[in-house]
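Each chain gets a letter, A, B and so on, in the order the sequences are listed, and its residues count up from 1.
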Protein chains: 2
Amino acid sequence: MRVLVVEDERRMAAALQRGLQAEGFAVDLAHDGEQGLHEARHGDYDVVVLDIMLPRLSGYNVCKQLRAEENWVPILMLSAKDGEYDMADGLDLGADDYLTKPFSYVVLVARLRALLRRDSGRRPAVLAAGDLSLDPARRRVRRGERDVELTPREFALLEYLLRRRDEVVSKSEILEHVWDTFDTDPNVVEVYVGYLRRKIDAPFGRNALQTVRGAGYRLAGDGG
Amino acid sequence: MRVLVVEDERRMAAALQRGLQAEGFAVDLAHDGEQGLHEARHGDYDVVVLDIMLPRLSGYNVCKQLRAEENWVPILMLSAKDGEYDMADGLDLGADDYLTKPFSYVVLVARLRALLRRDSGRRPAVLAAGDLSLDPARRRVRRGERDVELTPREFALLEYLLRRRDEVVSKSEILEHVWDTFDTDPNVVEVYVGYLRRKIDAPFGRNALQTVRGAGYRLAGDGG
DNA sequence: CCGTGCGCTGAGAGCCCGCTGAGAACGCTG
DNA sequence: CAGCGTTCTCAGCGGGCTCTCAGCGCACGG
């Protein structure tokens with residue numbers, strides 16, 4: 001999962017980066033509002049952590065601007081507790097959650113995961129393709145009436161493919177979003193696609209997870 | 001997807017070309033600002049990667065000129081980080097995104113894809129000629145209501161011909177844009193034209209892909 | 001009518017892509 | 001420490017894809 005942290009104070013930013021990386025996130029940093037706005041627009045992040053007090057452009061305005069552009073990436077706002085800013089304003093502007101400094105990593109990570117799970121509630125809670133369904137919140141996968149057991153990695157892969165169902169997704173895109181790396185041997189994707197097929201397709205005589213030779217994979221929207 | 005890379009430094013340009021081709025883009029190169037401007041005007045590209053420091057005409061001016069002509073092709077600017085130029089200026093001039101050298105190659109690809117996704121609303125997403133259609137994003141080709149399976153090379157060839165439908169396209173042009181070489185035996189084009197005809201024309205009793213003896217091929221705009 | 005040259009096609013060689021089984025490394029639990 | 005589940009690497013293989021080549025048909029010009 002890709003996280004953008006917009007925070008001008010270097011030590012705070014570095015600490016957040018280390019902490020979140022330890023939790024398995026891929027973290028990029030922006031050090032002022034303009035850069036943050038730019039990265040959020042173009043960087044394809046799954047969630048944004050946004051400080052309010054920023055040089056050049058405040059977190060408020062970054063958030064406001066993004067929402068004005070119909071960019072609904074989940075945003076978690078951070079503020080000092082000196083009360084100069086009111087967090088309620090942030091929520092009004094379209095932020096999805098907020099935290100007041102100082103906060104603990106544990107809480108931050110928990111909030112982030114919650115945001116990712118519900119994805120701001122703007123998308124359907126359950127991802128589906130035909131009779132294949134995945135519930136991110138309950139971490140549950142079903143094919144028809146039967147539950148399917150997946151490992152964490154298999155689950156993340158299926159979730160990503162379902163979010164982009166009917167599209168052809170390249171192995172490098174998969175590596176970037178599911179493994180949070182890009183210089184890994186793409187063979188690992190092939191291996192996990194194989195695992196998934198053995199669990200969601202083969203036992204049911206289906207073929208949802210299709211190979212597009214020379215391009216990547218496609219999850220058929222009708223469930224195969 | 002067609003990408004124009006405007007970059008004077010040969011090694012950089014060659015590396016970008018190879019890398020982007022591996023990701024499935026069709027890449028053309030321009031080596032100075034004037035050539036880049038000319039290609040961008042006439043080349044029908046989906047996105048332009050534009051270095052700022054260029055001989056004869058700077059990337060700034062290429063961008064400014066294109067926008068002045070109401071040409072809204074998505075532009076991603078590249079700059080050295082020596083700070084001589086401020087990227088914000090580039091955005092003011094109408095660029096859609098920027099990256100600072102050195103950048104990771106994967107980030108570049110991700111940004112390009114994001115640009116293409118965002119922009120896909122403006123231009124027709126699918127290329128068509130009569131009841132023959134090709135969707136670059138979903139990597140899908142249809143003749144009427146029937147899906148047609150193509151190999152990567154066949155797909156690239158059909159995409160190129162569709163973009164230039166009703167024009168007579170020479171074999172050397174095809175070699176240059178689809179095979180990215182020019183000293184190859186043109187017979188390979190004949191072979192692949194043959195493959196395509198067997199998949200998109202023969203089974204349907206159609207004749208979209210026409211031979212213009214002594215000149216090249218033409219894809220009939222009405223689908224044959 | 002024939003000759004020349006262009007384009008078409010079937011056959012086949014080689015290569016590369018993707019799939020898979022085996023197993024090593026790692027962490028967690030009892 | 002043993003046992004288990006998960007992740008990932010590696011090597012081998014099978015087959016699809018690409019491209020070459022040679023032979024043939026056909027258009028066009030003499």
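- Going from atom CG of B/Asp201 over to atom C1' of C/dT9 covers 16 Å, rounded to whole Å.
- Ring centers of A/Tyr192 and A/Trp179: under 6.0 Å apart, within the cut-off.
- Closest to the side chain of B/Val188, out of C/dC19, D/dC19, D/dC8, is D/dC19.
- Each of B/Arg146, B/Arg143, B/Arg142 was checked for a side chain to side chain donor-acceptor pair (under 3.5 Å) with B/Asp131, and the lone residue meeting it is B/Arg143.
- Rounded to an integer number of Å, the gap from A/Glu190 CD to D/dG14 C1' is 14 Å.
- Regarding A/Tyr192, its OH atom lies at a distance of 15 Å from the P atom of C/dG21, rounded to whole Å.
- Residue side chain B/Arg213 reaches the base of C/dC6 through a donor-acceptor N/O pair under 3.5 Å, judged by distance alone.
- For B/Leu150 and D/dC17, the CG to P distance is 10 Å, given to the nearest whole Å.
- Heavy atoms of B/Val193 sit nowhere under 4.0 angstrom from any nucleic acid atom.
- In this structure, A/His42 has its ring center no closer than 6.0 Å to that of B/Tyr98.
- Once rounded to the nearest 0.5 Å, the distance linking CZ of A/Arg113 with CZ of A/Phe25 reads 4.5 Å.
- At the heavy-atom level, A/Asp185 lies nowhere under 4.0 Å from the strands shown.
- Note: CZ (A/Arg153) to C1' (C/dC26) measures 13 Å, nearest angstrom.
- Distances shorter than 4.0 Å separate some side-chain N or O of B/Arg198 from OP1 or OP2 on C/dG10.
- No donor-acceptor contact under 3.5 Å links the side chain of A/Tyr195 to the base of C/dC19.
- Rounded to a whole Å, the CG atom of A/Leu196 is 14 Å from the C1' atom of D/dT6.
- Listed nucleotides: D/dC21, D/dC10, D/dC8. Nearest to the side chain of B/Asn187: D/dC21.
- Considering only side-chain N and O atoms, B/Lys171 lies under 4.0 angstrom from the phosphate OP1 or OP2 of C/dG7.
- In this structure, B/Thr211 does not reach the C/dC6 phosphate: none of its side-chain N or O atoms is under 4.0 Å from OP1 or OP2.
- A 4.5 Å side-chain heavy-atom check between A/Asp46 and A/Val3 finds every atom pair outside the cut-off.
- Backbone-only contact: A/Pro152 has heavy atoms under 4.0 Å from sugar-phosphate atoms and none from a base.
- With salt bridges taken as basic N to acidic carboxylate O contacts below 4.0 Å, one links B/Glu154 and B/Lys199.
- Put simply, CZ on B/Arg197 is 9 Å from C1' on C/dG7, counting in whole angstrom units.
- Across the protein-nucleic acid pair, A/Ile174 atom CD1 and C/dG18 atom C1' stand 13 Å apart, rounded to whole Å.
- Here B/Thr151 reaches the OP1 or OP2 of D/dT18: one of its side-chain N or O atoms lies under 4.0 Å away.
- Dashed line: the shortest gap from a side-chain N or O of A/Trp179 to OP1 or OP2 of D/dT7 is not under 4.0 Å.
- With distances taken from any side-chain atom of B/Tyr217 to the nucleotides C/dC8, D/dC8, C/dC19, the minimum falls on C/dC8.
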